[in-house]
Trainee: 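Got a structure here, written out as structure tokens. Questions coming.
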Amino acid sequence: MKNKELAKIFNDMSRFLRMEGVAFKPYAYERAAISLESLEKEVSEIYSKGGTKALLEISGVGKAIADHIEEYLKTGKIKVYEEQKKKLPINLDELTKVEGMGAKKAKILYEKLGVKNIKDLEKVVKAHKVAPLFGFGEKTEKNILQGLEFLKKDKGRFSVGNILPTARNILEKLKNLKEVKTIGLAGSVRRRKETIGDVDILAVSEKPEKVMNFFVKLDGVEKVWGKGGTKASIRMKEGFDIDLRIVPEKSYGSALQYFTGNKDHNIITRRIAIDKGLKLSEYGVFKGEKYIAGKTEEDVYKAIGLNWMPPEIRENQGEIELSLKNKLPNLIEQKDIKGDLHCHSKPDEVKHSKNSKNLIKEIAKTAIKKGYEYIGISDHTKFLRIDDGLDEKGLLKQHEVIKEINKEFIKQKFDIHILHGCEANIMPDGSIDIENAVLEKLDYVIAGVHSSFKMSKQEMTERLIKAMGNPNIDIISHPTGRLIGKRDEYQLDFDKILETAKRTGTILEINSSPYRLDLRDIYIRRAKNQGVKMIINTDSHQKEQLGLMEYGVSMARRGWAEASDIVNTLSLQNLMKNFKK
DNA sequence: GCCGTTTTCGGCCCGACTGTTTTCAGTCG
């Protein structure tokens, strides 16, 4: 993990240098940081095997930075960095999160007003001490204040599950304008990041003013940040921003390429262009003044010697290297999914109502519409009293109900098979809240942690390892327990979890709920690399939520998963082979 | 500070927009 620590330090050093007005050096540190972040090997390992000479092999690392790395590995500190921090003891990470605050402004505010962090910033802004400063003004002060309030309200980022439907809606409205020739989403929404800062939309139009005027007057616009000839930016009442850019038709592909990739991906692609004697910008690929490509993304990547790659992986995590070698993964797609095994019905109906079949039938019919081959009902179990968890008796009764529905469906020629499972609870000691004798009778069993989240890393790891050792537990639901923006993942030795999953043949869930998205991308990639099987489920509590599958699939794609890594891409028969009994 | 089919010096990703200025710096993506 030294790679990450060093990357952060070099990023900080880069920003310090930028604040001092030093030219070009910041780039060098930034590049080294990017390089370290995407390095596959541990830098400490590289150093222990080959010394500073081996460090020089890392791209972006030269003599000075190699020395810094060596110093850090030996002493845990880098002297010049510590000195920089002493000279300017400000929390840059925090301050630059405020919209409109960059490194230079932060430095001035520290020197003139002693601002070290967000709290200080709020104080001086509210006391109107900022506006009179040279280079600042009334508007800047007001913008900083708004930026601060925005950060407080929702931490500045929104769940992709909240953003995507609104974004699609607006896209549709713009698409209907006759002045709009082509339009599409870019940015982190297109990459399907779990949280989105703002939405980027790109369009081609010969009458940009008309499109812009329509855009800033859309329903739900709270504020217009700015509107120029080719770019406009609005704040929606829901609290997030949307940027619209109008580009020439021959630049649509290059603009899409540029506004989709994350920063690192773009820096690298532009550097690759330079190495080939070309220039890549949002306007196209150029050789000198001459336009070479830009109309489509495919053209752009091809012009600089790369293969087109799916937006979800454009994060400089090795995709560029693989693209050069023609070895990009064949990512899983929504159409590969053959069923959803984490669907809740209303256990209450099973216990009390005579019509307990109805909801399960509705869920199954929704699944048929989605083209699924199977659907799994997996309700909570008895420990979760608040969610009407089923006890052993209830589960057995539900099992009979589902058997009957399957028989009815066969008669009526409904083309789906309903599997019966449950989502049992993993108790703090790793035991399960339902007797094995009953679990055995079900088609499959999901188990998850729904209580005591604050255990030590060792305890929580042992808790899960014990559950995975249970021969009746097939799937671990939402394995890290995080709730996006609300609750951190619990402490877990994920390497040990992967090792155990592999050894015991336990499947890890990719939970599609936009509030969970758990496993997240980086864990999916690690699971894939270890050969651990995964399943993408919706955890739906209403039949409409079966549609959340797309978020799970996107997360899986961000984790580089292919269909072969995900068991619910298999036919029913082959799926069953992945269960323990 | 780093790098090299423009290779040991000279360039580094790049353009739009805002707010402050009065020709441009800072920020963003």
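Every chain is numbered from 1, with letters handed out A, B, ... down the list of sequences.
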Trainee: With ring-ring contact (aromatic ring centres under 6.0 Å, His included) as the rule and sequence neighbours excluded, what pairs involving residues 246-266 of chain A come up?
Mentor: none
Trainee: Closer than 4.0 angstrom, basic N to acidic O: yes or no for A:Glu194 and A:Arg482?
Mentor: yes
Trainee: If you measure only the distance, is there a donor-acceptor pair under 3.5 Å linking the side chains of A:Asp299 and A:Thr296?
Mentor: yes
Trainee: Figure out the NE2/C1' separation between A:His68 and B:dG1, and round it to whole Å.
Mentor: 9 Å
Trainee: What is the distance, to the nearest angstrom, from the NZ atom on A:Lys139 to the P atom on B:dT18?
Mentor: 9 Å
Trainee: Look at all strands and tell whether A:Val247 reaches a base, only sugar-phosphate, or nothing, counting heavy atoms closer than 4.0 Å.
Mentor: nothing
Trainee: Can you check the A:Asp67 CG to B:dC2 C1' distance for me, whole Å?
Mentor: 14 Å
Trainee: We want to know whether A:Tyr72 and A:Glu5 form a side-chain donor-acceptor pair, criterion being a heavy-atom distance below 3.5 angstrom.
Mentor: yes
Trainee: Could you work out the separation of B:dC9 and B:dC14 based on their P atoms and round it to a whole Å?
Mentor: 24 Å
Trainee: Measure the distance from CD on A:Gln146 to P on B:dG19 and round it to the nearest whole Å.
Mentor: 11 Å
Trainee: Between A:Asp336 (side chain only) and A:Ile332 (backbone N and O only), is there a donor and an acceptor less than 3.5 Å apart?
Mentor: no
Trainee: Can you tell me the distance, in whole Å, between the CG atom of A:Asp243 and the C1' atom of B:dC28?
Mentor: 9 Å
Trainee: Are A:Phe286 and A:Leu278 packed together at the side-chain level, in the sense that at least one heavy-atom pair is separated by less than 4.5 angstrom?
Mentor: no
Trainee: Taking protein heavy atoms under 4.0 Å as touching, what does nucleotides 8-17 of chain B look like 5' to 3' if B marks base contact, S marks sugar-phosphate-only contact and - marks none?
Mentor: ----BBSSSS
Trainee: Closer than 4.0 Å, any side-chain N/O of A:Ser59 to the OP1 or OP2 of B:dC2?
Mentor: no
Trainee: On DNA chain B, does the nearest nucleotide to A:Val98 precede the nearest nucleotide to A:Tyr29 from the 5' side, or the other way round? Give the residue.
Mentor: A:Tyr29
Trainee: Using a 3.5 Å distance criterion without hydrogens, assess whether the side chain of A:Glu141 forms a donor-acceptor pair with backbone atoms of A:Val130.
Mentor: yes
Trainee: Hey, what's the ring geometry for A:Tyr523 with A:Phe494, parallel, tilted or perpendicular (30° and 60° as the breaks)?
Mentor: tilted
Trainee: Rounded to whole angstrom units, what separation is found between the CD1 atom of A:Ile144 and the C1' atom of B:dG19?
Mentor: 12 Å
Trainee: For B:dG15 and B:dG10, measure between their C1' atoms and round to the nearest Å.
Mentor: 23 Å
Trainee: So, does A:Arg314 use its side chain to make a donor-acceptor pair with the main chain of A:Met309 at under 3.5 Å?
Mentor: yes
Trainee: CD1 of A:Ile196 versus P of B:dG29: gap in Å, rounded?
Mentor: 13 Å
Trainee: Say we look at B:dC2 and B:dT6: how far apart would their P atoms be, to the nearest angstrom?
Mentor: 23 Å
Trainee: Using heavy atoms to find the nearest nucleotide of DNA chain B for A:Met101 and A:Glu138 separately, return the residue whose nucleotide is more 5′.
Mentor: A:Glu138
Trainee: Would A:Arg270 and A:Glu282 pass as an ion pair if we require N to O under 4.0 Å?
Mentor: yes
Trainee: Give every pair of a protein N or O atom and an N or O atom of nucleotides 22-26 of chain B that lie under 3.5 Å apart, one pair per line with the distance.
Mentor:
unit_1: B:dG26; atom_1: OP2; unit_2: A:Lys104; atom_2: NZ; d: 3.2

Trainee: Please state how far atom CZ in A:Arg15 lies from atom C1' in B:dT27, giving the value in whole angstrom units.
Mentor: 13 Å
Trainee: Paired with B:dG10 by Watson-Crick or G-U wobble geometry, both distances under 3.5 Å: which nucleotide is it?
Mentor: B:dC3
